[in-house]
Amino acid sequence: MNPEASTPALPSWLTWWQRPFPDANTLLLHGRQPALVDTGFVGHADETAAWAHAHAGHVDLVVNTHWHSDHVGGNALLQARGAAIAAGTPEAEAITRRDPGCCAAEYLDQPVAPYEVDIPLDDGRILRLGDADWEVVHTPGHTPGHLALWQPEERLLVVGDALSDYDVGWVALALDGPDAATTALASLQRMADLAPRVILPSHGPIPADPPAAFAAALRRAQRLVDDPAGAVWYGARRILAFALMIRDGIPADEIEPYLHARAWLNDAAHQLDIPPETLATELVTTMLRSGAVLLRNGRIHATAAHTPVPPETLSTPYPRTWPAPAPH
Ligand SMILES: [Zn+2]
């Protein structure tokens, strides 16, 4: 890490909103076609839309880096107010056919309000966001449809969950196949080769030193390739921490039954070749020991900074019961 490095300057036509969990960072591109990249968690959709309205007046286009709940939660509200939604083609097609796997919402037990994708995006597509042209860079790994966005004049790269200043995106080996970590590593290398001046991640701050951020992310991604069991544990810790954040913790005597009922936990146990009950116990125990979660007033809470979510938003139905897309 270069000790002289500081946060790189951003162009005036870009507004960056660094948000704690459970919201992904949100990016607003100003100009004749105001565009928003990612829309936060469903429990904060009003706040997301109000922020965009205050800064841009109107949003023409929403682009999703991928369909996880912390990136698409404001889509429905912004779409109702006239924004078009753009997302990677595999995700767009699944959303259109109301595939029960959409957004991994049911799999991860993370609610998403129903939306439609108007513009499917493939690698190499040029998108006008605000007044600048951005290139879509397909960067599968964290999800198969994951996208980065590249602005070559300013050398800005929106990286979604592929990496952050402190982390690399978790991979779902059970859902996406044993090669998901290798795929993520290749995507990271492709992004690093663009040599961006500014990396705009979906979580945490803007990295002060992009080459150092890529070097660290490539090392971490290589570890996920070399140690599939470690990759499964890493994903499980991230998914459980998120579940605790959106529920304001889970009662200590309910957390293991909660975990036993989760598809992701059962898949992870299968990958690790241990009983789900063993994984659930060890997951909670190791996260208590590391300080990632803590016991307070009988509930297990995540310790990472996060914003409370109105509990009623957690009852948003899963995609398998979403209404069919409206005819266009
Ligand atoms: Zn994600």
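Model, not experiment: these values are computed from the prediction. Whatever order the structure lists ligands and atoms in, that order sets their numbers, starting from 1. In what follows, residues are counted from 1 in the order of the sequence shown.
- When the N, O or S atoms of His68 are ranked by distance to the Zn ion (ligand 1), ND1 comes first.
- The pair Glu135-Arg125 does not count as a salt bridge, with every side-chain nitrogen at least 4.0 angstrom from each carboxylate oxygen.
- Here the side chain of Arg190 pairs a donor or acceptor atom with the backbone of His138 at under 3.5 angstrom.
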### Task
May I have the step-by-step check of salt bridge (Lys or Arg N to Asp or Glu O under 4.0 Å) for Asp109 and Arg247, ending in yes or no?
CA-CA 11 Å; Asp109 194 25; Arg247 285 169 181 76; 2.7 Å; yes
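- By the 6.0 Å and 45° rule, Arg262 does not stack over the aromatic ring of Trp264.
- Here Asp161 contributes OD2 and His66 contributes NE2, and at the Zn ion (ligand 1) these two atoms make an angle of 90°, given to 10°.
- At a threshold of 2.8 Å, the Zn ion (ligand 1) has no backbone or side-chain N, O or S atom of His71 nearer than that distance.
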